[in-house]
Amino acid sequence: MTSVHVCRGCGRTINSEFLYCPWCGQSCIPDDGNRSLDAVFEQLENMQAHDREVRLSHMHMQLDELQKELDTIVLSTEMHK
């Protein structure tokens, strides 16, 4: 069985023998000794939090656009009464 580790760049699990992550290209060669697993998970959590913020912002913009369209439809039906 091949051992795996967590990529410091993207947080995916990859084969320990890889020199570079096949997903993001991050170097897997240790440059600072043994980086603690806690630091890797902290980085992963930060990346996930940022991704959530971006997605929520995008959803908020979409909801604003839908609200504008709904207001236009309601106004249009009221004018045709």
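Here the structure is a predicted model, which means the values were calculated and not measured. Both backbone and side-chain heavy atoms feed into the values below; hydrogens, waters and symmetry mates do not.
With Thr13 contributing its side chain and His5 its backbone, the two residues share no donor-acceptor pair below 3.5 Å. Judged by distance alone, with hydrogens and angles left aside, the side-chain atoms of Arg8 form a donor-acceptor pair with the main-chain N or O of Ser27 at under 3.5 Å. Distance alone, capped at 3.5 Å, places no donor-acceptor pair between the Ser57 side chain and the Glu53 backbone.
Put simply, CG on Leu56 and CG on Asp51 are 9.5 Å apart, with the number rounded to the nearest 0.5 Å. Here the CD1 atom belonging to Ile73 is positioned 12.5 Å from the CD atom belonging to Glu78, to the nearest 0.5 angstrom. Atom CG of Asn15 and atom OG of Ser3 lie 6.5 Å apart (nearest 0.5 Å). A distance of 5.5 Å separates SG in Cys7 from CD in Gln26, rounded to the nearest 0.5 Å. Put simply, CG on Asp71 and CD on Gln67 are 4.5 Å apart, with the number rounded to the nearest 0.5 Å. With values rounded to the nearest 0.5 angstrom, Arg55 atom CZ is found 9.0 Å from Gln48 atom CD.
Salt-bridge annotation for Lys68 and Asp64: absent, with no side-chain N of the basic residue lying under 4.0 Å from a carboxylate O of the acidic one.
Residues Ile14 and Pro22 come closest through the heavy atom pair CG2-CD, 3.8 Å. When all heavy atoms are compared, the tightest approach of Val74 to Thr77 is O-OG1, 2.8 Å.
Follow the hydrophobic side-chain contacts under 4.5 Å out from Trp23 and you reach Phe18 in the same cluster.
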For a side chain to side chain contact (heavy atoms under 4.5 Å, CB included) check, start with the C-alpha distance between His80 and Ser76, then their side-chain angles and the critical distance, and finish with the verdict. CA-CA 6 Å; His80 284 88; Ser76 175; 3.6 Å; yes

Begin with the C-alpha distance, continue with both residues' side-chain angles, and end with the deciding distance and a verdict on side chain to side chain contact (heavy atoms under 4.5 Å, CB included) for Cys28 and Leu19. CA-CA 5 Å; Cys28 298; Leu19 297 178; 5.7 Å; no

